Number of protein chains: 2
Amino acid sequence: MPLTIDRERNPARSRAAILDAAEKLFAEKGYDATSLSEVGAAAGVSRGTPGYFFGSKQELYDAVLERCFEEVRQAVRAGRARAMASQQPPEAILAGAVSDYFDFLAARPNFIRLIERRALREGGTSPVGEQLSAGQEALAAISAELGLDDAPSGDAAQLLLSIIALCWFHLIHAQTVAPAVGVSLEEPADLERRKRHVVGLVLYGLRGLERPAATLTTAPAHD
Amino acid sequence: MPLTIDRERNPARSRAAILDAAEKLFAEKGYDATSLSEVGAAAGVSRGTPGYFFGSKQELYDAVLERCFEEVRQAVRAGRARAMASQQPPEAILAGAVSDYFDFLAARPNFIRLIERRALREGGTSPVGEQLSAGQEALAAISAELGLDDAPSGDAAQLLLSIIALCWFHLIHAQTVAPAVGVSLEEPADLERRKRHVVGLVLYGLRGLERPAATLTTAPAHD
DNA sequence: AGTAACTTGCTGGTCAACAAGCAAGTGCCA
DNA sequence: TGGCACTTGCTTGTTGACCAGCAAGTTACT
């Protein structure tokens, strides 16, 4: 193993460093505002190295996204296995899953911002492969565990989308919408409080889905 | 009135046209990817006119945002007045308000994308004045109408944030997350179905808030 | 009324800055 | 010697800011 200090040639290391730096910069500043020079500098390589390894800026971006989605799919798979192995009642499993997902997203600001930016960059792009399989796995898990309708746009899918929305939105808008409506998210205790609210909302919503004959006095909107 | 066709000088008209074009382009493509030349072309004026009226690109962007927030505040005010005038029970009022807000956002793709992009552009920016007053008005309305705790980060604020999240998220991720979890939002009927789900979820959640002693078997997360 | 002085709305040329991509290097190791 | 892992120089294109200029009013003054 001939290596002097740290400045040896190590393509795998360089590649990973570039990927890490690009993920951070793309997430924080967006695609257009990030230059390959910046990525190189943040990765500790020269201006041209990102291009050398990934061909073009667009391909680097794609590689960053792919790696992110793969991580999510792994997490969904692990969470599902754990939920199926546990012997708790469905409600408790759902509560645990929502709580875990809430924490999972909160711990990955880069990921959220990347996906969010991607959704904004021309909404006409369909979900990428990894994203789709992660979603399908989560849908299968939730419908099987809770005995809900797993048809397209059915109860399980709607509930899953709501869970994602509730665990997601406040992370993007923590500095804007949340304080505007009087929700603070600065301290860990604030986040915990938000989490309890979200879990509670989902559980009560689930009860509503299980008893669909309940009297919901949905007044027709005036339009 | 010496004017031949339509090419007369009209600063108010030019200003508004530039603002309209900039709103559309900033919402669709983002700040960086939009050039002042494009804005000028879309507004039917020359390349230099946006800069002439607004000084700099950043100031044009600020002006666009300010106009948007003002519109929202007007809408919140009107909705609140209508809700207070109606003589329906609180649950029906809430259902109507959520339904209206759902439709309000769905009808304003520019607005949503602008706010979303703003939240991503350096999360360190606090809510702008108009945004804050709109949020405070909505909070006051919801806590008064439903008799909920209106303290900072209290029940009313949490519920309001959840309502916004639920009415908002699917519009940003209609092409990505939603199809990945099996929710279609292509047809108006799909949107209607989503709306019913959201309204139902909020109403059941409200019942949970009103009976806080309910047995919520929130299993502690395994971490 | 007429005209000269001035302001305002708007245009298009120019320029410095910077980015992406390519190609020609440079040094290291097998 | 050859190929791999980079770096550096350069080209080309784009963008925002600035500026000079012009034409359509508008005001002031005779």
Side-chain angles (χ1 to χ4, degrees), chain A residues 1-65 114 117-118 121-122, chain B residues 1-65 114 117-118 121-122:
Chain A
M1 259 160 278
L3 54 133
T4 48
I5 18 174
D6 191 43
R7 234 28 199 153
E8 95 257 34
R9 299 157 57 129
N10 187 337
R13 182 186 191 76
S14 293
R15 234 188 116 86
I18 290 168
L19 228 35
D20 289 341
E23 176 182 315
K24 183 159 180 264
L25 287 168
F26 282 147
E28 282 173 2
K29 321 190 348 172
Y31 182 84
D32 292 301
T34 301
S35 74
L36 293 181
S37 312
E38 278 177 295
V39 173
V45 296
S46 86
R47 174 168 55 81
T49 313
Y52 170 75
F53 276 105
F54 293 92
S56 71
K57 188 181 179 181
Q58 182 64 47
E59 286 169 285
L60 170 59
Y61 175 78
D62 292 342
V64 165
L65 267 196
L114 274 176
R117 289 191 190 279
R118 185 186 124 84
R121 289 235 306 175
E122 189 163 11
Chain B
M1 259 165 277
L3 55 130
T4 49
I5 20 176
D6 189 42
R7 236 31 199 147
E8 95 247 39
R9 296 156 55 126
N10 188 337
R13 181 188 195 77
S14 293
R15 232 188 118 89
I18 290 168
L19 229 36
D20 289 341
E23 176 182 317
K24 185 161 179 263
L25 287 168
F26 283 147
E28 282 175 2
K29 321 191 349 171
Y31 183 84
D32 293 300
T34 300
S35 75
L36 293 181
S37 313
E38 279 177 294
V39 174
V45 297
S46 87
R47 180 167 53 79
T49 313
Y52 169 76
F53 275 106
F54 294 92
S56 72
K57 189 180 179 180
Q58 182 63 47
E59 286 169 284
L60 170 59
Y61 176 77
D62 292 343
V64 166
L65 267 196
L114 274 175
R117 289 190 191 279
R118 185 186 124 85
R121 290 232 310 173
E122 189 163 9

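Lettering follows sequence order; numbering is per chain, from 1. The structure presented is a predicted model; accordingly, all values stated were derived computationally and were not measured. As a basis for the values below, the full set of heavy atoms in this structure was taken, side chains included, without hydrogen atoms, waters or symmetry mates.
- Taking all atoms of both residues into account, the shortest heavy-atom contact from B:Thr34 to B:Leu25 is OG1-O, 3.3 Å.
- Under 4.0 angstrom from either OP1 or OP2 of D:dT14 there lies no side-chain N or O belonging to B:Ser35.
- Cation-pi contact between A:Arg121 and A:Tyr31: present, with separation from the ring centre below 6.0 Å and deviation from the ring axis of at most 45°.
- In this structure, CG of A:Leu25 is placed 12 Å from P of C:dA20, rounded to the nearest angstrom.
- Open room surrounds NZ on B:Lys24; 12 or fewer heavy atoms of other groups in view lie less than 6.0 Å from it.
- Here C:dC10 presents its P atom at 11 Å from CZ of B:Arg15, a figure rounded to the nearest Å.
- Between A:Leu36 atom CG and D:dC6 atom P there is a gap of 16 Å when expressed in whole angstrom units.
- Atoms NZ (A:Lys29) and P (C:dA19) sit 9 Å apart, rounded to a whole Å.
- Near-neighbour residues of DNA chain D inside residues 46-62 of chain A, defined by a heavy atom below 4.0 Å, number-ordered: A:Ser46, A:Arg47, A:Gly48, A:Thr49, A:Tyr52, A:Phe53.
- Proximity of B:Arg47 to B:Leu36: side-chain heavy atoms (C-beta onward) are nowhere separated by under 4.5 Å.
- Looking at every heavy atom in both residues, B:Val39 comes nearest to B:Ala21 through O-CB, 3.8 Å.
- For C:dC29, the base has no donor-acceptor partner in the side chain of A:Arg9 [N/O atoms by modelled type, under 3.5 angstrom].
- No cation-pi contact links A:Arg118 to A:Tyr61, judged by a cut-off of 6.0 Å to the six-membered ring centre and 45° from its axis.
- Considering only side-chain atoms of B:Pro11, the nucleotide from C:dA20, D:dC4, C:dG9 that sits closest is C:dG9.
- The nearest whole Å value for the distance from the CZ atom in A:Arg13 to the C1' atom in D:dA5 is 15 Å.
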